[in-house]
Structure formats: structure tokens, C-alpha cells
There are 2 protein chains.
Amino acid sequence: MTAAFYQNEVKFFVSVDCIILGFNNSELNVLLYKRNFEPLQGQWSLMGGFIKSGESIGEAASRVLTECSGIDNLFMEQVGAYGDVTRDLGERVISVAYYSLVNMNDFNPELLKEHNAEWTKLSEVPDLIFDHNQMITDTLARLKRKAATRPVGFNLLPEKFTLPQLQSLYEAIYQTPLDKRNFRKKLNSMDILEKLDEKDKKSSKRGAFYYMFNKEKYDRLLDQGFYFSL
Amino acid sequence: MTAAFYQNEVKFFVSVDCIILGFNNSELNVLLYKRNFEPLQGQWSLMGGFIKSGESIGEAASRVLTECSGIDNLFMEQVGAYGDVTRDLGERVISVAYYSLVNMNDFNPELLKEHNAEWTKLSEVPDLIFDHNQMITDTLARLKRKAATRPVGFNLLPEKFTLPQLQSLYEAIYQTPLDKRNFRKKLNSMDILEKLDEKDKKSSKRGAFYYMFNKEKYDRLLDQGFYFSL
DNA sequence: GCAAAAGTGTTCAGGCTACACCCATGA
DNA sequence: TCATGGGTGTAGCCTGAACACTTTTGC
């Protein structure tokens, strides 16, 4: 029963490419690295790798993420499969893209160096190999939709964050300025944040209160038919 | 340069599976067929096929669609890649799902018979092979989002359709009843439909006016910053 | 003439947008 | 004391939701 049923069909290399997004200084960043193997050695590329036998697509993506971050269970979601015949210049490779939203501070700088990896502002992404620029474009469109309807943006921030930080994150995602009062009013009305007593004094003299996303509260509200929307 | 760069990596069978949706009698239907080859011969399945060398993923999906419909250029969009290690009982196969929205009347019944294919109401879909039920579930979630923000629903109707038809289509997609007056008001305000003089008298004595979707008008409005929303 | 589906407006509430000033603090 | 970013409330508008009766016509 484990016999070769599909003998007459063709097999393909299948890889995953990870669009790892972070947020810093009011800007979204993506993790890129310089390829250290042919073809196109020395060119900039997304983090990726081939799927191994015995490994699901998601497991492969997860492995790539862990390898370059040292962190398990990062937020991650499939973008889609890319399979143009000539997309890879080496041989034919079908690739499945995943995007991941991470807190840049959690990344070990030495591990990044080891992988030739660098955080790059989205506004300064160079020409990447193959269809990797397209994958980023598709991811950003998806992120806009997703962040508007699900509380995924918090993955891009430290556990404790301020409202000005959160707002500038959403401004970066939507690529549009938001009204401070309206933004805060909306968040307040959702009642999914915990206000701390502590303040962040790094970016202003007065200091801004820290908040935390309360997942338990959010899940409870979901059950009651609540929908996140920002 | 066409040398074997990735010699040490594993290759996989890659297939496409098509979730072909039609609309009839106030119900969404999906095209299923009885597998005529092992493994799981005789079981119900989505329409699908292996990707051939020299063929992109989209081309493979398009080929499968044309093969069973006799129609080119059907509306089609990728749902995602499915790659659990044990998803296929024969051998390991990674599959990319595409959904397609079609006008059931355009399908040649004899061609369907040839392929062992049958239209099945969504409410009556049996247990399918592998993860095909999951693919349908994912497609329906995607369709809800898509149909709300893009005028893709028209692909499920004949070129000429009535407003009661269109409303029942959206009721089927959203799985919820809609208010007749509000629905018509919204459509009217978008100004993307052409009202014909002709009436459809099949479903009532009085008859309902036929309308057509005006793609040119829609595209013009898009340029002016208009967003479809239903 | 009656059954069955098509067609038509108004009202109300809630959410979204626009908008400007005071507060706290470090330098 | 002043420069800098943090924090707060209201009013108008618009959109979405609720809702009931008349029209047409085949039988």
C-alpha cells in the first residue's frame, strides 16, 4: 500500500521562503540575507530552505524561523505557493511563502551575523533574487487585511508597549497617518489591553504608559461574538 | 548554469486541487468526482492533477479547469499549499488548492459524465479523500471575504441575472439572510450594474428585471478610488 | 380574485471623522 | 521656562439596520 502509485509523475524541489517582519523606529523591517551558495551567490534573498522528507511545509517554515532567530513558535502564516517555471535560475523549484511577525529585539544579533542576515527597512529593500520582492509585496497586502481584523500586530511589539508605539505600528502597516484620539478611543472601547503603572520614558520626558495585550480577555470576548477591528 | 545546484535536496510530487464552485437554486455547489485510480479508488474527491514539468502551478490548475469544463480562462485564485506529511495515502504529495467560481450552466453535462464528475450541494458534501474537506472549508472562508470586497460573485451567475438571484447568491455565500431593500439600495448606489428591459419570468408571474455587471464602469470607478463592498 | 414573488423609502442609532488644547517633565 | 511628545472630549455626518405595503400577473 505504500507502493509507488504515481510512478509516471514528475517530482519537484519544494522550498519555503520566510518573510520575517519586525518593527523598529516607526518602520517595518524585513530580515534579508546574502546568499552564500550558487546560484546567485552574494545576492540578497529572503530566509528560506528546502523542505526535507518527513517534514510538512509548516514544519519547514518553522524550522527556518527557529534556525535564524533561536526562538520557537513565532507567529507565522502561509502566504501562498509560487511556482512559475523559471522563477529559480538554478533548477525548477516551487516555493511556499510564509510571513512571520516578530519582535526584533528578541533576535540574537550574533545568530543573525552567523546567517549573514540583516534587518532591512521596507523602504530600502533592494532587488532580491527570483520572485522574492513579489512575495514581500503580497505579504504586505495580506498584513494590511489581517492586522485590521485580527490582533496580530502585537507580535511585532515587545510584550510591554505604549500607545504611541502601537499607533505608529499601525501607521506603518497601513501606510497612512491615523488620528491619535480616534485610535485610542477605538482601542479603549475594545477593552483588550492592560494598562500598567510603569512608563516608558525613552521617547519623551513625560513618558508614556506601558500596555500589554490581554489574550485571555480577547479570547473571552471572541466567544461573545466580538470582532477585533482597527 | 543549468547544472544541478540542489543535488542534495529531496523532490516531491506536487499536485493541484480545484474547488470549483457553482450556484444553483439558491445553493452553492462544488464539483466532485469519483476517483478512478488508486489509492482510494471509488472515493469522492476534488478535481485535481499532478503538475507537469514545464508547467507553472497556475497553468496546471487552469488545465484541470479547462479539462473538466471545456472552458478557458475561468475565474480562479490560489487558496494555498497543503503539505502535511501524511495527507496523501499513496505517497507523499504536496498539493496547491485553487478555487474557481463558475456558471454551472456553461458546463457541458457530457464532459462531466466523462470525468465521473457531479455537482454536489455544499450542504451535502460527503467525506472526501485526504484533506479535501478542509480545502473546501478554507475556500468558503476566503470566498466570504473576497465576495464582500470584490465583484467576484458575478462569476457564479449567468451574464444576465436578476436582483433576487444575486441576493440569494450572497445569502448563500454569507450563510445569512439579507434585507431586500438594503441590499438593492447598496447595489444601486454602487452603479456598476446595467438594468436590461428584459425580464426573467421563470421564478415569478410578475417577472424580475435582468441586470448585467458592467466591468468597464467598475474599472473606471476603481480608478477613482471607489471600493466595492457588499 | 388570489397567491407569490418583485419592487420601493424612511427613520433611527451607532460608528467614524474631524478637530485643539492642556499636561508632565527633562534639559 | 520652554520644547517635546503624551494625553484627553465633542459635534456633525454618514452608513448600516430595521421595518410594511403596493404592484404585477398567471392561474
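Order of the sequence lines fixes the chain letters, A, B, ..., with proteins taken first and strands second; residue numbering starts at 1 for each chain. Heavy-atom basis, side chains included; hydrogens, waters and symmetry copies ignored.
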Open item on the list: Could you check whether any side-chain N or O of H132(A) sits under 3.5 Å from a backbone N or O of S45(A), counting only pairs where one atom can act as donor and the other as acceptor?
Closed with: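 Pair absent, no side-chain N/O of H132(A) close to backbone of S45(A).
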Rounded to whole Å, please give me the gap between [atom1] in [X] and [atom2] in [N].
X	N	atom1	atom2	result
D179(A)	dC21(C)	CG	P	15 Å
L166(B)	dG7(C)	CG	C1'	15 Å
Y227(B)	dT15(D)	OH	P	16 Å
L178(A)	dC16(C)	CG	C1'	13 Å
F161(B)	dA6(C)	CZ	P	15 Å
N182(A)	dG12(D)	CG	P	16 Å
L187(A)	dG15(C)	CG	P	15 Å
F183(B)	dG9(C)	CZ	P	18 Å

- [ ] If the plane angle is over 60° it's perpendicular, under 30° parallel, otherwise tilted; pick one for F213(A) and Y218(A).
- [x]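 Judged by the thresholds at 30° and 60°, the geometry between F213(A) and Y218(A) is tilted.
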Task: Charged N-O contact under 4.0 Å between E59(B) and R63(B) - done: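 A salt bridge is absent here (no side-chain N lies under 4.0 Å from a carboxylate O).
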- [ ] Answer yes or no: is there an ion pair linking E216(A) with R220(A), defined by an N-O contact shorter than 4.0 Å?
- [x]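 Looking at E216(A) and R220(A), the cut-off is not met.
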For nucleotides 5-8 of chain D, tabulate all protein N/O to nucleotide N/O atom pairs closer than 3.5 Å, reporting atom names and distance.
from	atom 1	to	atom 2	distance (Å)
dG5(D)	N2	R206(A)	NH1	3.4
dG6(D)	O3'	G207(A)	O	3.4
dG6(D)	N2	R206(A)	NH1	3.0
dG6(D)	N3	R206(A)	NH1	2.6
dG7(D)	OP1	F209(A)	N	3.0
dG7(D)	OP2	R184(A)	NH2	2.6
dG7(D)	O5'	R184(A)	NH2	2.9
dG7(D)	N7	K180(A)	NZ	2.7
dG7(D)	O6	K180(A)	NZ	2.8

Open item on the list: Testing Y211(B), F154(B), Y210(B) one by one against F161(B) for a ring-ring contact (aromatic ring centres under 6.0 Å, His included), which residue passes?
Closed with: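 That would be F154(B); it is the only one of Y211(B), F154(B), Y210(B) passing the ring-ring contact (aromatic ring centres under 6.0 Å, His included) with F161(B).
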Open item on the list: Let's go through D17(B) and Y82(B) carefully: what are the C-alpha distance in whole Å and the side-chain angles of both, what is the deciding distance for side chain to side chain contact (heavy atoms under 4.5 Å, CB included) to 0.1 Å, and is it a yes or a no?
Closed with: CA-CA 10 Å; D17(B) 284 303; Y82(B) 292 74; over 6 Å; no
- [ ] Establish, with yes or no, whether the OP1 or OP2 oxygen of dG9(D) is under 4.0 angstrom from a side-chain nitrogen or oxygen of K185(A).
- [x]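 No, outside the criterion.
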